[in-house]
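Throughout, numbering of the chain's residues begins at 1 and tracks the sequence. Model, not experiment: these values are computed from the prediction.
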Amino acid sequence: MVGNFIGDFVKGRHLHEQFEPGIVKGIELHRAIDAFTDKHPVVKQSKTRLRATYRHFAPVIVDVFYDHFLAKDWALYHRENLSLFARNAYATLNTFDNILPERVKQMLPYMINGNWLVNYAQVEGIQRALTGMARRSPYDSKMDESVNDLRQHYTEFNTEFGLFFPELVKFCDDFRK
């Protein structure tokens, strides 16, 4: 879980020189998920809906929208309550502080205090996340405005996530085998 979580913050190919095998496997899973997601036709459909307005930020926005649908419908995909899962995830991440990349260390307290994993279940939680991302971007991303698109096309994004996510779960299961 920790390796998967830090995957976007770790660069390079010599992971075994930096991390223990379990962390490496998580980073590799994260990278495999990214590649699978980028090529998936349903995800491309979601991104296409946003591309004209948000250009190269569309994939990031779709990722956050899909995080919303996962959190909103968590009980469909996981036996453990989302609040309990989030508390356990935050605690686990904190126990690995010594290997977390600096940017993760800076972000994690905000994530925990804002309880992002749970609050993503609400559109307002997604709005806060996208507004923060837009504020930190050196470019005029308009990510803070994208929640309007989520509201306007909520059914379409929800349907696309529902088609995509079971395939992603199967992909991850196969990857771990």
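No side-chain heavy atom of T53 sits under 4.5 Å from any side-chain heavy atom of E145. In this structure, R128 and W116 have side chains that are not in contact, with every pair of non-hydrogen atoms separated by 4.5 Å or more. For the pair I33 and N4, the minimum side-chain heavy-atom distance is below 4.5 Å. The side-chain heavy atoms of D38 and K47, taken from C-beta on, include a pair separated by under 4.5 Å. Looking only at side-chain heavy atoms (C-beta outward), E80 and N88 come within less than 4.5 Å of each other. Contact annotation: the side chain of I112 never approaches that of L93 to less than 4.5 Å [non-hydrogen atoms, C-beta and beyond]. At least one side-chain heavy atom of R176 sits less than 4.5 Å from a side-chain heavy atom of D173. Residues E20 and I99 fail the side-chain proximity criterion, which asks for heavy atoms closer than 4.5 Å.
Expressed to the nearest 0.5 Å, how far CE of M133 lies from CD1 of I126 amounts to 9.5 Å. With values rounded to the nearest 0.5 angstrom, R31 atom CZ is found 10.5 Å from F175 atom CZ. Distance CG/D63 to CZ/F65: 11.0 Å, rounded to 0.5 Å. With values rounded to the nearest 0.5 angstrom, E167 atom CD is found 7.5 Å from L163 atom CG. The distance from the CD1 atom of I23 to the CD1 atom of I6 is 6.0 Å, given to the nearest 0.5 Å. To the nearest 0.5 angstrom, D140 atom CG is 7.0 Å from R55 atom CZ.
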Checklist line | From CA spacing to verdict: side-chain contact (heavy atoms from CB on, under 4.5 Å), D97, L108 | finding: CA-CA 10 Å; D97 183 69; L108 191 56; over 6 Å; no
Notebook entry, point to check: Hey, mind stepping through L100 and F9 against side-chain contact (heavy atoms from CB on, under 4.5 Å) and telling me if it holds?
Noted result: CA-CA 9 Å; L100 296 179; F9 301 90; over 6 Å; no
Next item on the list: Assess whether side chain to side chain donor-acceptor pair (under 3.5 Å) is satisfied between S46 and Y66, documenting all intermediate values.
Entry: CA-CA 10 Å; S46 292; Y66 282 18; 2.6 Å; yes
Check: Given V147 and T131, is the side-chain contact (heavy atoms from CB on, under 4.5 Å) satisfied, shown in steps?
Finding: CA-CA 10 Å; V147 171; T131 298; over 6 Å; no
Next item on the list: Starting from the C-alpha separation in whole Å, work towards a yes-or-no answer on ring pair (Phe, Tyr, Trp, His ring centres under 6.0 Å) for F164 and F157.
Entry: CA-CA 10 Å; F164 164 72; F157 286 117; over 10 Å; no
Next item on the list: Go through the steps for F171 and T37 under the test side-chain contact (heavy atoms from CB on, under 4.5 Å), then give the verdict.
Entry: CA-CA 10 Å; F171 172 82; T37 301; over 6 Å; no
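Formation of a donor-acceptor pair under 3.5 Å by the Y90 side chain with backbone atoms of L117 is found in this model. Counting only distance, with no hydrogens or angles, the side chain of T95 and the backbone of T92 share a donor-acceptor pair below 3.5 Å. Side chain of S146 to main chain of M143: a donor-acceptor pair is present (N/O by atom type, distance under 3.5 Å, no hydrogens or angles).
Hydrophobic clustering (side-chain heavy atoms under 4.5 Å, transitive across Ile, Leu, Val, Met, Phe, Trp, Tyr) keeps M111 apart from L84.
With a 6.0 Å radius and a threshold of 12 heavy atoms from other residues, nucleotides or ligands, K170 has its NZ atom at or below the threshold. More than 12 heavy atoms of other residues, nucleotides or ligands sit less than 6.0 Å from atom CD of E156.
Between Y77 and F165, the angle of the ring planes goes over 60°, which puts this pair in the perpendicular group of the 30/60° scheme.
The two residues R49 and E160 come nearest to each other via the heavy atoms NH2-OE2, 2.5 Å. Between V118 and S83, the shortest heavy-atom contact is CG2-CA, 3.8 Å. For A71 against A121, the heavy-atom pair with the smallest separation is CB-N, 3.5 Å.
H68 pairs with exactly one of F161, W74, Y154 by the ring-ring contact (aromatic ring centres under 6.0 Å, His included) rule, that one being Y154.
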